[in-house]
Amino acid sequence: MRFTYCPHCGTKLISKEIGDEGMIPFCEKCNIPLWDMFTTSIIAAVVNEYGEVALLRQNYVSTTKYVCVAGIMKIGESAEETVIREVKEEIGQDVEDLEFVSSYPYEKREMLMLGYKATVSKQDFKLSSEVDSVEWVKYENALSLLREGSIGWQLVKTVIEQ
């Protein structure tokens, strides 16, 4: 999100040089710079003790490819708390171990996705209403079910190669 008006007072912003950052939108009334903003979200490769990854079908995302668990961070929530909450909400699994893998800029949606490997003990899925289906997929079959080059594909590929 790029600001044109100050979200605090409504004043039209000017451009002001801020250190080595260059020209930044600035509110003269509030005397503050207003940096471009993006949504921070998580994406998780949920894996179990059998070398399987949970892949989801969410038709509002794709009708042809699978995806990983993902979700938006809430204010006051850490990235790790978001992963644990989203994995429980979307597929009903309890995260036992969590490992940060990488961050992924997603410019198309003005997002930064923080990628994690979330280890669970395999149990039956309990799906949220936003998940159409989910299945445990052996590592060797997982990449072919994800859109090649997508953030989910990159994350799962890294987790498999570790």
Side-chain angles (χ1 to χ4, degrees), residues 1-3 18-22 24-25 33-162:
M1 171 189 294
R2 300 185 195 298
F3 291 104
I18 307 288
D20 61 3
E21 298 298 325
I24 302 296
L34 291 153
W35 310 100
D36 293 341
M37 295 178 63
F38 52 85
T39 302
T40 307
S41 62
I42 62 87
I43 184 166
V46 180
V47 300
N48 66 32
E49 67 273 29
Y50 301 106
E52 299 171 315
V53 60
L55 296 181
L56 290 66
R57 285 314 265 287
Q58 291 178 298
N59 289 335
Y60 72 92
V61 177
S62 175
T63 56
T64 59
K65 293 294 182 179
Y66 286 80
V67 296
C68 294
V69 169
I72 304 297
M73 289 177 61
K74 294 180 179 179
I75 293 175
E77 188 175 58
S78 72
E80 292 78 14
E81 290 167 334
T82 304
V83 173
I84 292 165
R85 175 181 54 77
E86 288 288 346
V87 169
K88 185 68 170 179
E89 284 177 4
E90 290 190 6
I91 61 173
Q93 303 291 302
D94 295 309
V95 175
E96 296 174 357
D97 189 46
L98 198 53
E99 178 185 333
F100 177 75
V101 176
S102 186
S103 61
Y104 305 91
Y106 188 14
E107 289 186 54
K108 179 179 172 184
R109 297 250 170 106
E110 294 185 339
M111 290 180 136
L112 176 65
M113 301 191 84
L114 304 176
Y116 285 86
K117 174 184 175 184
T119 304
V120 303
S121 291
K122 186 175 182 176
Q123 17 178 322
D124 290 338
F125 294 113
K126 295 178 188 102
L127 305 184
S128 80
S129 60
E130 65 182 276
V131 177
D132 296 302
S133 66
V134 63
E135 58 186 85
W136 289 113
V137 177
K138 288 285 189 193
Y139 284 175
E140 58 267 21
N141 300 323
L143 292 178
S144 66
L145 298 176
L146 297 160
R147 187 175 55 79
E148 187 173 352
S150 69
I151 292 170
W153 184 90
Q154 292 173 56
L155 174 63
V156 170
K157 184 175 187 298
T158 300
V159 167
I160 290 169
E161 290 173 350
Q162 288 179 336

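Index from 1, following the sequence.
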Contacts of Thr119 meeting side-chain contact (heavy atoms from CB on, under 4.5 Å) (sequence neighbours excluded), chain-then-number -> Val47, Asp97, Lys117
Measure across Ile42 and Met113 and return the closest heavy-atom pair with its distance rounded to 0.1 Å.
-> O-CE, 3.9 Å
What pairs with Glu96 under side-chain hydrogen bond (donor to acceptor under 3.5 Å, both in side chains), at least two apart in sequence or on another chain?
-> Ser121
For residues 144-153, pull every pair meeting side chain to side chain donor-acceptor pair (under 3.5 Å), keeping only residues two or more places apart or in separate chains.
-> none
Scanning both residues in full, the closest heavy-atom pair of Val134 with Ala54 reads CG2-CB, 4.1 Å
Which residues share a side-chain hydrogen bond (donor to acceptor under 3.5 Å, both in side chains) with Glu161, sequence neighbours left out = Lys157
For Asn141, side-chain hydrogen bond (donor to acceptor under 3.5 Å, both in side chains) partners two or more places apart | none
Calculate, to the nearest 0.5 Å, the distance between atoms CE and CG belonging to Met1 and Leu34 respectively.
-> 11.0 Å
Scan for ring pair (Phe, Tyr, Trp, His ring centres under 6.0 Å) pairs involving residues 74-133, sequence neighbours excluded, and state none if there are none.
-> Phe100-Tyr116, Phe125-Trp136
With sequence neighbours left out, what residues match Arg2 under salt bridge (charged side-chain N to carboxylate O under 4.0 Å, His left out)?
-> Asp36
What is the minimum heavy-atom distance between Val159 and Ala45, and which atoms define it?
-> CG2-CB, 4.0 Å
Which heavy atom of Ala79 sits nearest a heavy atom of Leu114, and at what distance?
-> CB-CD1, 3.7 Å
Rounded distance (nearest 0.5 Å) linking atom CG of Leu112 with atom OG1 of Thr40 = 5.5 Å
Across all chains, not counting sequence neighbours, the side-chain contact (heavy atoms from CB on, under 4.5 Å) partners of Ser62 are Thr64, Lys65
Leu146 side, atom CG; Ile151 side, atom CD1 - distance, nearest 0.5 Å | 12.0 Å
dist Leu143:CG -> Leu55:CG (nearest 0.5 Å) comes out at 9.0 Å
Val87 backbone acceptor or donor facing Gln93 side chain under 3.5 Å = no
Would you mind listing every ring pair (Phe, Tyr, Trp, His ring centres under 6.0 Å) that reaches into residues 35-67, with sequence neighbours excluded?
-> none
Provide the closest heavy-atom pair for Thr82 versus Gly71 in the form atom of the first, atom of the second, distance.
-> CG2-O, 4.3 Å
Distance (rounded to the nearest 0.5 Å) between Met73 CE and Thr39 OG1 | 11.0 Å
Do any pairs count as a salt bridge (charged side-chain N to carboxylate O under 4.0 Å, His left out) and have a residue in residues 119-146, sequence neighbours left out, and if so which ones?
-> Glu52-Lys122
Who pairs with Ser78 by side-chain contact (heavy atoms from CB on, under 4.5 Å), at least two apart in sequence or on another chain?
-> Glu80, Glu81
Within the distance-only criterion (no hydrogens, no angle test), does the side chain of Thr158 pair as donor or acceptor with the backbone N or O of Gln154 below 3.5 angstrom?
-> yes
Say you draw a straight line from CD of Glu86 to CD1 of Ile84; how long is it, rounded to the nearest 0.5 Å?
-> 12.0 Å
Are more than 12 heavy atoms from other residues, nucleotides or ligands located less than 6.0 Å from atom CD of Glu49?
-> yes
Qualifying residues under salt bridge (charged side-chain N to carboxylate O under 4.0 Å, His left out), relative to Glu77, sequence neighbours excluded = Arg85
Specify the closest pair of heavy atoms between Cys68 and Ile43, including all atoms of both residues, with the distance to one decimal.
-> CB-CG1, 3.8 Å
